[in-house]
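Lettering follows sequence order; numbering is per chain, from 1.
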Protein chains: 2
Amino acid sequence: MGSVTHTDNGSSPAAPAARGRAADTSRGEQTRQAIVTSAIRLFGEAGYEKTTMRAIAADAGVSVGNAYYYFPAKEALVSEFYLELQREHLARVEPILSSGTSFGDRLAAILREGIEVWAPHHAFAGRFIGIAAVPGSPVSPFSTESTQARELATSIFHRLVDSTETKMDPQLRARLPQLLWLAQLGLVVYWVHDTTPGQRRTRAVVDLAVPYLEYLVGASRMKIFKPLTTRGLALLETLWPHAAR
Amino acid sequence: MGSVTHTDNGSSPAAPAARGRAADTSRGEQTRQAIVTSAIRLFGEAGYEKTTMRAIAADAGVSVGNAYYYFPAKEALVSEFYLELQREHLARVEPILSSGTSFGDRLAAILREGIEVWAPHHAFAGRFIGIAAVPGSPVSPFSTESTQARELATSIFHRLVDSTETKMDPQLRARLPQLLWLAQLGLVVYWVHDTTPGQRRTRAVVDLAVPYLEYLVGASRMKIFKPLTTRGLALLETLWPHAAR
DNA sequence: TCCGAAAGTTGAACACGTTCAAATCGGAGC
DNA sequence: GCTCCGATTTGAACGTGTTCAACTTTCGGA
């Protein structure tokens with residue numbers, strides 16, 4: 001699960017220093033970090049609603065108003081939480097991509113690691129998805145603000161697809177990363193609503209869905225499946241034009 | 001678009017009269033209706049956030065506290081709004097089901113009417129989906145509270161499938177109504193995020209997706225597609241066991 | 001007709017997210 | 001050292017959803 005928000009900002013002040021991931025040690029950046037750290041911890045401990053802005057500010061040792069100097073709204077802080085988890089997912093995915101196992105095995109591993117990373121925050125994720133689902137929100141997976149994060153997430157699947165030798169329809173290959181990202185999105189939604197203990201159901205779905213996808217992908221190069229593949233890709237082109245990346 | 005919420009309640013008082021759709025003329029029911037009417041109108045006019053509970057209460061000629069006697073939260077009022085639109089969709093769908101056109105034509109018509117009904121409230125729907133997406137919410141399409149509405153919605157597709165003579169895999173036929181409901185859910189999500197004027201893109205997707213679905217359904221009875229169909233249905237069974245209706 | 005309980009209604013009060021005018025801080029230029 | 005200006009910080013105040021103790025109305029039964 002790693003795809004929803006924008007990757008850099010969340011800050012409002014006029015960014016005097018370079019826009020990088022490297023730590024800015026200025027006073028402002030320190031304060032910002034303190035707020036983010038407190039927010040992440042409290043969100044994780046008590047959930048979204050029960051964590052008040054006043055509590056975050058108090059925990060960070062600043063005033064409420066000060067928190068709003070760095071973040072336009074409480075929602076902006078959840079994207080920081082999300083980023084934190086996305087980073088961890090990325091780190092865990094790295095060795096999987098380098099491994100020499102099959103397409104399906106690696107895909108399943110990627111998806112499972114995503115579930116693993118989010119598992120401790122299942123309740124929180126329920127609220128998160130509510131925020132991410134509303135179109136205007138910058139954390140919506142379809143928003144322009146999250147373009148960067150979206151590309152980052154699809155890049156994982158790009159690397160997966162590029163490094164696989166499974167034979168498949170070449171046009172499908174070009175679009176597969178995006179399709180897998182879409183599938184992952186669906187899986188996240190399913191996982192969030194999965195109330196079975198430890199979300200066993202979702203894991204079972206992964207176990208079944210991944211080999212199925214692998215089968216479909218392999219089938220795509222067979223002549224009999226050509227119209228199915230071609231028309232499906234045409235639909236995808238309308239749904240989500242390739243040029244739009 | 002018609003599937004998300006529970007069909008009856010939304011009221012908290014201890015339901016003294018019969019639990020029916022027939023108008024209860026007692027004072028309480030009158031007040032309830034006044035609140036609902038005001039809420040629906042104001043939501044439609046100004047959107048979700050800009051419509052305050054105070055405004056709804058004032059418009060209905062009652063106190064704020066009184067509104068909370070009938071509805072546990074502001075969210076509960078949006079499900080009333082949703083119900084209103086669902087009723088209209090149902091009414092519009094009736095003649096379509098009775099018409100003798102092809103499976104695809106009728107499916108497309110059903111989906112298009114759904115879009116039509118919601119079209120004036122595109123902005124509002126954006127907020128609505130944010131509320132419906134959070135697992136705990138009674139308006140979540142997957143919640144137990146909305147079981148009735150879910151069955152009502154799938155019943156539309158049930159009737160559509162039952163009255164179609166298109167040849168298809170019998171097991172697929174049994175599951176098709178639920179699959180179409182799922183597809184409709186996806187379409188709603190797409191529509192909500194569709195920012196093209198008049199949501200042209202969504203309409204284009206319907207135009208392309210419905211014939212594709214029709215093609216897939218028809219293909220399901222062919223021998224070559226058997227494994228594809230069977231495995232897909234097995235996946236669906238894990239995803240959403242048939243017994244659970 | 002009257003009583004009492006249940007149903008319905010009220011508005012003030014609370015907690016929260018958010019805003020903002022004002023206070024403070026820190027460093028560049030003199 | 002002093003001054004000034006932008007960056008940072010503050011806390012009171014606002015508008016919101018929601019709660020609640022108290023009040024009023026309704027109505028079945030004595």
- Nearest-Å distance for atom pair CD1/P, residues A/Ile35 and C/dG17: 14 Å
- Looking at A/Thr31, does any N or O in its side chain come under 4.0 Å of the phosphate oxygens OP1/OP2 on D/dT8? no
- Note on the structure: Of the candidates C/dT9, D/dT9, D/dT18, the side chain of B/Val64 sits closest to D/dT18
- Task: Please report, rounded to the nearest Å, how far the P atom of C/dA7 is from the CD atom of B/Glu29.
- Result: 15 Å
- Item | Separation of atom CD in A/Gln30 from atom C1' in D/dA7, rounded to whole Å | 15 Å
- Task: Could you check B/Arg87, B/Lys74, B/Arg32 and say which one makes a salt bridge (charged side-chain N to carboxylate O under 4.0 Å, His left out) with B/Glu80?
- Result: B/Arg32
- Student check: side-chain heavy atoms of B/Tyr82 and B/Val139 closer than 4.5 Å: no
- Can you tell me the distance, in whole Å, between the CG atom of B/Leu42 and the C1' atom of D/dT16? 16 Å
- Message: Between A/Glu49 and A/Asn66, which residue's closest nucleotide on DNA chain C lies nearer the 5′ terminus?
- Response: A/Glu49
- Query: Does the ring centre of B/Phe81 sit less than 6.0 Å away from the ring centre of B/Phe128?
  - Reply: no
- Task: Would you state whether a donor and an acceptor, one from the side chain of A/Arg54 and one from the base of C/dG17, lie under 3.5 Å apart?
- Result: yes
- Go through the side-chain N and O atoms of B/Thr147 and B/Thr144 and say whether any donor and acceptor fall under 3.5 Å apart. no
- Message: Please pick, from D/dG11, C/dT9, D/dT18, the nucleotide with the shortest atom-to-atom distance to any side-chain atom of A/Ser63.
- Response: D/dG11
- Item | Donor-acceptor pair between A/Ser143 and A/Ser146 side chains, under 3.5 angstrom | yes
- Item | Integer-rounded Å distance: D/dT16 P and B/Tyr48 OH | 14 Å
- Task: Could you check how far OH of B/Tyr69 sits from P of D/dC20, rounded to whole Å?
- Result: 16 Å
- Interatomic distance, B/Lys74 NZ vs C/dA15 P [rounded to whole Å]: 21 Å
- Query: Any side-chain N or O of B/Thr52 under 4.0 Å from OP1/OP2 of D/dG15?
  - Reply: no
- Atom OH of A/Tyr68 to atom P of C/dA22: distance rounded to whole Å? 22 Å
